[in-house]
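Naming convention: chains lettered A, B, ... in sequence-line order (proteins, then strands); numbering from 1 in each chain. All heavy atoms count here, side chains included; hydrogens, waters and symmetry mates do not.
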Amino acid sequence: MKRLILITAVILTLCSCSIKLADDYYGSKSDGELSAVISINCSTADDRGKHDGAEILGDYSVKIDESATVFDALKNACRDNRIQLDFKGSGDSVYVSGIDYLYEFDCGSLSGWEYSVDGVFPSVGCNAFKLKGGEKISWLYTCDLGEDIGNKYRED
Amino acid sequence: MKAFRDLHPACATVYFLAVLIIAGFSFNPFFLVPLFFGTLLFYGSVKGCKRAFSSGLKLLLLIVVIAAVNPLFSHNGATVLFFLNDSRITLEALIYGGVLGLAAADAVLIFMCVNTVFDSERIIYLFGRYMPNIGLVISMALGFVPKLRAMYASVSSAQRGLQKSRVKRALRCFSAVITQSMEGAIITSDSMRSRGYGTGKRTFFNRFRVFPRDLIFGSLFIVLFTLSILPLILGDTAFVIYPVTRFSAKGIMSGFGLSASAVLAFFPFLYELTEGLKWKYSISKI
C-alpha cells in the first residue's frame, strides 16, 4: 500500500513536469491576444564592470495572454530573445534572482532586479501584478536597493 | 601497515590541516580529485581494501546525488541540457554540484583518515599542554559515540525476548542507555575527584619523540602546502563555473601548485607503501 502511494506520487510529479529540449523551448514564439512593451537594463552593473553592456533587451513588444502577469511577460520576452532567466518560487511569490547571468548580490548585498510598470514601481511581486495590455515594463538592476534607479526604499 | 601513524602527532596535524584547507577552499576539481583518490588509497592501506571500496562507493553516491540535485535549484549556466517547467537545467549547475559534492566527500574522507591516525593519547598529547580541559573533553566526546553504541547493542540484545514491539523496545533501550551513561558520568567525576584531579600542577608523560624524519616531513608538508595554496590565493588556477565553465592555469606557479597538491594528496599512501615494502624486504633478508 505504502509503495503504491509512493509510485503514484512519483508518476504524478513526473507527469506535471514538462521537459523540453532547448531548441524546442526557444523555437516556439510566444503567442497571445494582448501585448506589452518590455525592456531590460543593467547600466548600474555595467558601470561597475559586472556585466558586458547595459542594455540586455531594448523596447520589445511581447505577446501575452489575457490576465498575464509581469512575470509572464518577462518569461515570454526572455524566451523570444534567448535570454537566460532564473527565478525562485511559484504563484504570487515568484522572485526573479537573475537575468542574463547577472544575479542578485553580484554588486553587493543591496543589489538585485526590480521592475517598473509605466514608470511606477509596484510594491507587489512580479507574478501578482496583472497586465491589461499596452503597458511599458522595465526591468532594472539596482546596486543600492532601488535608490540608483529612482525607487527609493521607504521604511513603511 | 601503520607507518604514517608512527610519525610525530604534530607532523600529522600539519599534514591534515593542510589537506583540509585545500579541500575546503580550493573548489577546483584539479585539486580535489587527486585528494579524493589519495586519501581513499591511504584509508584502504590502513583499514583494508574492502572497507575503503565500500566507503568510496558511498561517497561517490553522495557526489552523484548532490550533482543531480543542484541543477534543480540553480539555473545559472550557458549550456542548457533541457527545460523543466520553464526552468533551465544546465550542464554548469551539474558541474557545480559535482565539485561541491567532491569537496564534501574529500572532507569526510580526510576525517576518516584523521580517525585512523589520531587516538585519544595523541589528542590529549596535542591539546594537553596548552588546553588540558579542551583536550580531555574532545578525547572523551570522541570516545562517547562508540561507547554508547556498544552499550545500546548489549541492552538491546538483553531486551529482545522481553518486548515484542520494536518501537517500545527501542524506547526502553534508549532510556536505559541514557540512565547508564549518566550514572557513568557521575562515577567518572567522583573517581577523578577522589584521585585529586585538578588540585595541583599536572605532569605529562608521553612516548612521542621528535625524530629527524618528523622535522623533514613537517617542513616538506609546509613547503608543499605553500606551493599549492599560493596559486589559489593569487588566482592563477581559476576554475570558473558560471556562466561558462573554464579552467585557466597561467604562469609556472600554477603547474607547481597542481603537482604539489597531488604529491601532498598521495603522500601518506606512498609513505605507507614504501615502508611496507621495506618491512617485507627486511623480513625476507632474515
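- Only the side chain of A:Lys75 comes within contact range of chain B, with heavy atoms under 4.5 Å apart.
- Remark: B:Phe267 CZ is packed, more than 12 non-hydrogen atoms of other residues, nucleotides or ligands lying under 6.0 Å away.
- Rounding to the nearest 0.5 angstrom, the gap separating the OH atom in B:Tyr242 from the CG atom in A:Asp86 is 9.0 Å.
- Among the candidates B:Leu84, B:Thr90, B:Asn85, the residue making the largest number of heavy-atom pairs closer than 4.5 Å to chain A is B:Asn85.
- Taking a 6.0 Å sphere around CZ of B:Arg166, one finds it holds 12 or fewer heavy atoms contributed by other residues, nucleotides or ligands.
- Only the side chain of A:Tyr103 comes within contact range of chain B, judged by heavy atoms closer than 4.5 Å.
- Here the closest heavy-atom approach between residue B:Gly77 and residue A:Tyr101 is recorded as O-CE2, 3.4 Å.
- A centroid separation of less than 6.0 Å is found between the aromatic rings of B:Phe83 and A:Tyr26.
- Summarising the local packing, NZ of B:Lys168 is surrounded by 12 or fewer heavy atoms from other residues, nucleotides or ligands at distances under 6.0 Å.
- Heavy atoms of other residues, nucleotides or ligands lying less than 6.0 angstrom from CZ of B:Phe25 number 12 at most.
- Taking CZ from B:Arg88 and OH from A:Tyr25, the interatomic distance works out to 9.0 Å, rounded to the nearest 0.5 Å.
- Put simply, CG on A:Leu85 and OG on B:Ser87 are 8.0 Å apart, with the number rounded to the nearest 0.5 Å.
- Other residues, nucleotides and ligands contribute at most 12 non-hydrogen atoms within 6.0 Å of the CG atom of A:Asp52.
- Other residues, nucleotides and ligands contribute only 12 or fewer heavy atoms inside 6.0 Å of the NZ atom of B:Lys58.
- To the nearest 0.5 angstrom, B:Asn76 atom CG is 5.5 Å from A:Gln84 atom CD.
- Summarising the geometry, atom NZ belonging to A:Lys20 is positioned 14.0 Å from atom CD1 belonging to B:Ile89; distances are rounded to the nearest 0.5 Å.
- To the nearest 0.5 Å, the span separating CZ on B:Phe82 from CG on A:Leu21 amounts to 9.0 Å.
- Counting non-hydrogen atoms of other residues, nucleotides and ligands closer than 6.0 Å to CZ of B:Phe37 gives a total of 12 or fewer.
- Within a 6.0 Å sphere centred on CD1 of B:Ile252, other residues, nucleotides and ligands contribute 12 heavy atoms or fewer.
- Using a 4.5 Å cut-off between heavy atoms, B:Leu81 contacts chain A through its backbone alone, with no side-chain atom that close.
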